[in-house]
Amino acid sequence: MSEHEAAAAIAHRTGVEAHDIAVVLGSGWRPAADVIGECETEIPFAELPGFTTPGAVGHGGTIRSLKVDGKNVLVMLGRTHFYEGKGVDRVVHNVRTAAAAGVRSVLLTNAAGGLREGFHVGQPVLISDHLNLTARSPIVGANFVDLTDLYSPRLRNIAREIDPSLEEGVYAGLVGPHFETPAEIRMLRTLGADLVGMSTVLEAIAARAAGVEVFGLSLVTNLAAGMTGEPLNHEEVLEAGRAAATRMGSLLRELVTRA
Ligand code: 6GU
């Protein structure tokens, strides 16, 4: 599963030799793509080596090439999740392809459950650090990689300049596809998590290992189990994404411009 083949296909299809920055859009973030910039070329995942069409509802499945303020931007709508059972290499193929396509930074977005008192649905939160609770590593067989400051302080500072109201939090990445039990949510809070989700952590590690600067942004789409007395559902997650898409899109556009 060569990311170099995928990158070559992207260069060929887009006519862009090297891209500068990649954005991975999580569940329900599709409407944000149009706000980031006007699509020049769109390629379905199915037409790119190593990419598979995501299974879950609302998870897109295309790569767009755009030009934003002179920068060549790859926007990936949809991602492969570890819970799909296709293995870690498929999950991180997106960021490895982006690295092979020349990007220096990757902006990872996701839908997350909020654990911290005071977080509300529809709130974007900068990822300051993560807990990889998947019991997997995308770089097994490779060398040790330092994860201090995995989530670029430089890009977080730029994001806070753009929107000073942005809070930061620690993202716990679990396998899923089930949501957590209330007891697990209490455990995660004890462990220092502010956000919980089913993506991002493996991609962030693979991106760092590939020498790419990482930025992470969660959209709180629901409060975690046991916090509201209501059950969780995937539709609610997608709806919160749709409602916040314009705000998220303009933040990402500005970040791409200044990154
Ligand atoms: Cl509450 N848990 C997990 N694992 N993923 C989520 C979520 C919760 N809310 C959105 N995505």
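For ligands, and for the atoms within them, numbers begin at 1 and follow the listed sequence.
- Within the listing of ligand 1, atoms 10 (C) sit less than 4.0 angstrom from a heavy atom of T221.
- No donor-acceptor pair closer than 3.5 Å links the side chain of H130 to the backbone N or O of L202.
- Considering N222, L115, V196 only, the shortest heavy-atom separation from atom 6 (C) of ligand 1 involves V196.
- Not a single heavy atom of G176 sits closer than 4.0 Å to an atom of ligand 1.
- N157 and R160 share a side-chain donor-acceptor pair at under 3.5 Å.
- Cluster membership check: Y83 does not share its hydrophobic cluster with L131, using side-chain heavy-atom separations under 4.5 Å among Ile, Leu, Val, Met, Phe, Trp and Tyr.
- Side-chain atoms of E47 do not come within 3.5 Å of backbone N or O of P44 as any donor-acceptor pair.
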Worked check of side chain to side chain contact (heavy atoms under 4.5 Å, CB included) between I63 and I10: CA-CA 9 Å; I63 291 189; I10 291 170; 4.1 Å; yes
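- Near E180, meaning under 4.0 Å from any of its heavy atoms, are these atoms of ligand 1: 1 (Cl), 2 (N), 3 (C), 4 (N), 8 (C).
- Heavy-atom proximity to M198, at under 4.0 Å, picks out these atoms of ligand 1: 3 (C), 4 (N), 5 (N).
- Checked against a 3.5 angstrom limit, the closest N/O atoms of L223 and ligand 1 fall outside it.
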